[in-house]
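Here's the structure, in structure tokens; my notes come after.
Quick caveat, the model's predicted, so the values are computed rather than measured. Chain letters run A, B, ... following the sequence lines, proteins first and then strands; every chain starts at 1.
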There are 2 protein chains.
Amino acid sequence: MALYTATSLKSELNDRGWRLTPQRETILQVFQNLPKAKHLSAEELYHLLQGEGENISLSTIYRTLKLMARMGILRELELAEGHKHYELNQPYPHHHHHLICVRCNKTIEFKNDSILKTGTKTAQKEGYHLLDCQLTIHAVCPACQRALLPI
Amino acid sequence: MALYTATSLKSELNDRGWRLTPQRETILQVFQNLPKAKHLSAEELYHLLQGEGENISLSTIYRTLKLMARMGILRELELAEGHKHYELNQPYPHHHHHLICVRCNKTIEFKNDSILKTGTKTAQKEGYHLLDCQLTIHAVCPACQRALLPI
DNA sequence: AATTGATTGTGTATCATTCTCATTAGAGAG
DNA sequence: CTCTCTAATGAGAATGATACACAATCAATT
Ligand SMILES: [Mn+2]
Ligand SMILES: [Mn+2]
Ligand SMILES: [Zn+2]
Ligand SMILES: [Zn+2]
């Protein structure tokens, strides 16, 4: 839940006996430059990088996304499309949550400061080290309500 | 987010032109009789039913779980094991959330009334019809913190 | 009881993610 | 700067969860 630079990423990796690689640095940069409310799947990130001439293998993409999520650098989102999405795990002023239509998958971000407080307090009370805290609301959007039935 | 009986399930299905089948009724019952804090994956439900002599195909299990989640009868949980888990979607006094250790997957349930209020209000403000609202906290449990490194 | 189309079961297909392993290359030591 | 150690990468194969196709069945409505 902190802001990362290549340098701070490197020291955090090295502290654990791991290494900063060009691939990891590049992937972090992509997420840092991502427009607001944009989420990337592994496949999407892979193609985005291909488009920029960066040839990072899909295996490495998957490994890096998982690693960074477990370090608390990225958050892993289950946005109802059958595969995970990732975004930067940002602290307080930018921390937000997701409202998802289960029919059309339209997703809205919203903020609520008390939720992060609840998450922090709960983790602390149980002695857990907090990585991420996300409220996910599953619902049916207005358009899909009007479109009747289809599940 | 309501309490279901075979009868109310039937009428809600029929209202949409769908049918109450023995399989659907059985699956609902399983969830209604599940011990507190117990979550089931499709595969687990399948084997549980097999053990009770109920032969419901895995396809039907998957279809029914998805259907009931989209009806708001069950909630679909992403508990970090690589596959979905389901539990009854219960209203206020029993509504709860999950604190998950990303390393050992240990999961703790906790309650917090204000979260459901936030979810309800947010959905309402956007004109969404609320199905489920869950706070998921990803963290590292005390035991895994002591066990150093391993991601 | 007859009709209709939703639902089921079986087998197969798909797709996201992980694994294997030979090769490459960070990081720290000297 | 060079050497050593071992973490990380890339390519492809393997895995596993879930969806799909379709013929047979059966729940609801008349
Ligand atoms: Mn977001
Ligand atoms: Mn639960
Ligand atoms: Zn929608
Ligand atoms: Zn743990």
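Between B:K84 and the phosphate of D:dA17, there is no side-chain N or O to OP1/OP2 separation shorter than 4.0 Å. OP1 or OP2 of C:dT18 lies within a sub-4.0 Å distance of a side-chain N or O belonging to A:K66. For the OP1/OP2 pair of C:dG26 and a distance below 4.0 Å, the side-chain nitrogens and oxygens of A:K10 include no atom meeting the criterion. OP1 or OP2 of D:dA11 has not a single side-chain nitrogen or oxygen of A:S57 nearer than 4.0 Å.
A straight line from CG of B:N14 to P of D:dA27 spans 12 Å, rounded to a whole angstrom. As rounded to whole Å, 22 Å separates atom P of C:dA16 from atom CD of B:E81. For the pair A:L58 CG and C:dC15 P, the interatomic distance rounds to 14 Å; values are reported in whole Å. Separating the CD atom of A:E78 from the C1' atom of C:dT17 is a distance of 12 Å, rounded to the nearest angstrom. Atom P of nucleotide D:dG10 and atom CG of A:L49 are separated by 11 Å, given to the nearest angstrom. With rounding to whole Å, A:R24 atom CZ is found 11 Å from D:dG10 atom P. The distance between atom CD of B:E44 and atom P of D:dT18, rounded to the nearest whole Å, is 11 Å.
Toward the 5′ end of DNA chain D lies the nearest nucleotide of A:I61, the other residue of the pair A:I61 and B:A42 mapping further downstream. Both B:S59 and A:G82 lie close to DNA chain C; mapped to their nearest nucleotides by heavy-atom distance, the more 5′-ward contact belongs to B:S59. Of the two residues near DNA chain D, B:L20 and B:E43, the one whose nearest nucleotide lies more 5' is B:E43.
Taking the six-membered ring where tryptophan is involved, the planes of B:H97 and B:H95 are perpendicular, since the angle between them exceeds 60° and thus also 30°.
Each of D:dG10, D:dA17, D:dA27 was ranked by its minimum atom distance to the side chain of B:Y62; first place goes to D:dA17. Considering only the side chain of A:R19, D:dC5 comes nearest among C:dG28, D:dG10, D:dC5.
Here B:Q23 lies in heavy-atom contact (under 4.0 Å) with sugar-phosphate atoms only. Among the atoms of the strands shown, base atoms are found under 4.0 Å from some heavy atom of A:R63. Residue B:T21 is classed as a sugar-phosphate contact, given heavy-atom separations below 4.0 Å to backbone atoms only.
No side-chain donor-acceptor contact under 3.5 Å links A:E81 and A:H39.
Distance alone, capped at 3.5 Å, is enough to place a donor-acceptor pair between the A:K111 side chain and the A:P93 backbone.
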Take B:E109 and B:H96 through the test side chain to side chain donor-acceptor pair (under 3.5 Å) and record every step on the way to the result. CA-CA 6 Å; B:E109 295 190 343; B:H96 64 269; 2.9 Å; yes

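Heavy atoms from other residues, nucleotides or ligands lying under 6.0 Å from NZ of A:K125 number 12 at most.
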